[in-house]
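Below: the structure, in structure tokens.
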Number of protein chains: 2
Amino acid sequence: MALEHAILVSLLEKPGSGYELARRFERSIGYFWTATHQQIYRVLKRMEADGWIGARDVPQRGRPDKKEYSVSAAGLSTLTGWLGEPVQPESVRHELAVKLRGAAFGDPAALTGEVERHRRMHRDRLAHYLAGQRRDFGGGGTAEDPGAEASGPEDLDPGRELQHAVLRGGIAYERMMIAWLDDVLATLHRLSPRRDPGPSGGRPAQAGPAPDPAP
Amino acid sequence: MALEHAILVSLLEKPGSGYELARRFERSIGYFWTATHQQIYRVLKRMEADGWIGARDVPQRGRPDKKEYSVSAAGLSTLTGWLGEPVQPESVRHELAVKLRGAAFGDPAALTGEVERHRRMHRDRLAHYLAGQRRDFGGGGTAEDPGAEASGPEDLDPGRELQHAVLRGGIAYERMMIAWLDDVLATLHRLSPRRDPGPSGGRPAQAGPAPDPAP
DNA sequence: TCCTGATATGCAACTTGTTGCATAGGCAAG
DNA sequence: CTTGCCTATGCAACAAGTTGCATATCAGGA
């Protein structure tokens with residue numbers, strides 16, 4: 001039960017309606033916690049009943065009214081209480097890893113396209129993160145050299161620093177995944193050295209990793 | 001709906017009872033897909049009804065009989081069919097990332113212990129993976145230089161190669177997490193430079209990353 | 001004009017996943 | 001000899017998450 005907490009964090013960062021939250025869960029916070037609009041509306045209702053958040057009707061020109069939620073004092077103390085609890089081990093779901101182990105009982109080469117698709121997704125997300133980093137956190141150190149900003153000018157807004165730390169985690173994750181997927185592609189290619197990487201959508205499955213989006 | 005498929009893979013790798021599967025989901029395959037014994041028993045029952053797996057009663061000395069399941073032809077074709085389907089985007093749940101963003105509205109330093117605990121967990125899991133790699137895949141190349149084995153002696157059992165690729169992914173993930181958690185600890189320390197890292201359970205939150213288990 | 005799409009909210013039904021408990025024999029420590 | 005733990009399976013109730021659909025308004029294009 002932690003969607004509540006993700007919503008609290010998001011509403012503390014900026015109040016908003018259920019719909020707006022749903023949008024955010026397709027971007028920013030959604031990169032670390034997923035939820036559909038159905039779930040969000042249902043949980044918002046419960047949170048309002050529990051007094052964690054308050055609603056305010058906002059009339060809009062043309063559009064239906066929206067209910068803008070914001071966090072109450074009770075909600076804030078719920079959140080800070082939660083911060084003190086240990087997080088229980090994340091439940092892992094790496095479907096691609098399961099498929100790779102399953103591929104031993106089918107045709108490994110059939111996974112190549114899928115792995116390439118994943119690689120593209122991770123490459124795009126990395127580019128997105130890096131753009132966000134440039135936009136929101138300036139041209140400082142690279143994500144590969146954590147702590148490089150530590151000796152720089154004092155920029156100690158905790159919210160900003162923490163958001164940057166989370167973003168650096170996302171960047172590190174995407175880089176790691178891209179490198180691993182290259183490794184997997186090389187392995188698949190080694191197992192069945194058919195198809196040469198054609199020019200369309202092609203990327204080297206054999207040689208060194210394709211260039212990342214420039215940091 | 002993919003617990004079925006994870007079970008199929010596990011049973012193909014080695015037939016076993018529900019209980020044994022539950023144990024495996026605490027180790028090996030469980031590092032990439034979690035499930036409790038309740039879920040496993042329920043799904044096994046359904047899979048048997050669907051004819052994906054067959055059961056065989058195995059009497060045991062002293063212990064209650066166990067039902068040893070193995071994959072039928074129908075189950076195998078189900079699995080290979082699944083391999084061809086695109087994996088839909090994994091639903092992400094990075095609770096620690098949510099907490100970090102939430103910490104801006106509480107006391108960031110209160111998270112230090114939790115982050116350190118996570119780091120220990122990841123360090124231990126990395127050591128576990130590396131031990132498994134040494135045990136099952138010999139002294140070959142390091143995980144940091146994927147493809148190093150490619151030019152070595154031909155060892156092209158697909159199952160083995162794919163399991164190794166998955167394991168390398170686990171290793172890369174744990175290394176990445178450890179590095180990121182060091183980054184986070186440095187950030188937290190920068191935000192509130194209280195407590196010096198004492199000698200008990202201490203690890204440098206400031207200087208370079210603590211030494212990994214030797215690869 | 002009609003159709004599509006974005007904003008905005010929500011119900012109902014269904015599937016998954018979790019938690020608590022129950023059974024039942026054997027084995028080892030105290 | 002009793003208490004707790006391990007093997008081994010399972011029911012029942014609940015919580016969480018997904019999917020399909022419904023409503024309503026307005027803007028812009030075919």
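Proteins get letters first, then strands, A, B, ... in listed order; numbering begins at 1 in each.
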Measure centre to centre between the rings of B:Tyr31 and B:His128, then say whether the value is under 6.0 Å. yes
Could you tell me whether A:Tyr19 and A:Tyr41 have their ring centroids closer than 6.0 angstrom? no
Over how many whole Å does the gap from A:Leu44 atom CG to C:dA8 atom P extend? 14 Å
Side-chain H-bond candidate by donor/acceptor type, B:Arg101 with A:Ser10, under 3.5 Å: no
Let me know the distance between CG of B:Leu21 and P of D:dA8, rounded to the nearest Å. 12 Å
Rounding to a whole Å, what distance do you find between B:Gln88:CD and D:dG17:C1'? 13 Å
Nearest-nucleotide check on DNA chain D, B:Tyr41 vs B:Ser91; residue mapping nearer the 5' end is B:Tyr41
Is there a donor-acceptor pair closer than 3.5 Å between any side-chain N or O of A:Lys67 and the backbone N or O of A:Gly54? no
Is the backbone of B:Val87 close enough, under 3.5 Å, to the side chain of A:Glu114 for a donor and an acceptor to pair up by distance? yes
Starting from C1' on C:dT16, measure out to CD1 on B:Ile40 and report it in whole angstrom. 14 Å
B:Arg23 CZ to D:dT7 C1', straight-line distance once rounded to whole Å: 9 Å
In whole angstroms, the gap separating C1' of D:dA8 from CD of B:Glu26 amounts to 14 Å
Which whole-number value in Å describes the distance from B:Arg56 CZ to D:dA8 P? 14 Å
Of the listed nucleotides C:dG17, C:dG10, D:dT7, the one nearest the side chain of B:Tyr19: D:dT7
Picking from C:dT9, D:dT18, D:dT9, which would you name as closest to the side chain of A:His37? C:dT9
Rounded to whole Å, NZ of B:Lys66 lies from C1' of D:dC6 at a distance of 14 Å
At less than 3.5 Å, do the side-chain atoms of B:Gln38 and the base atoms of D:dG10 form a donor-acceptor pair? yes
Starting the side chain at C-beta, find the nucleotide from C:dG10, C:dG17, C:dT19 nearest to B:Thr36. C:dT19
Counting distance alone, no hydrogens or angles: does the base of C:dT15 have a donor or acceptor under 3.5 Å from a partner atom on the side chain of B:Arg42? no
Let me spell it out: for each of A:Thr34 and B:Lys45, pick the nucleotide of DNA chain D with the closest heavy atom. Which residue's pick is nearer the 5' end? B:Lys45
Side chain of A:Arg46: nearest nucleotide among C:dG10, D:dA16, D:dT9? D:dA16
Closest to the side chain of A:Gln39, out of D:dT7, D:dG17, D:dA8, is D:dG17
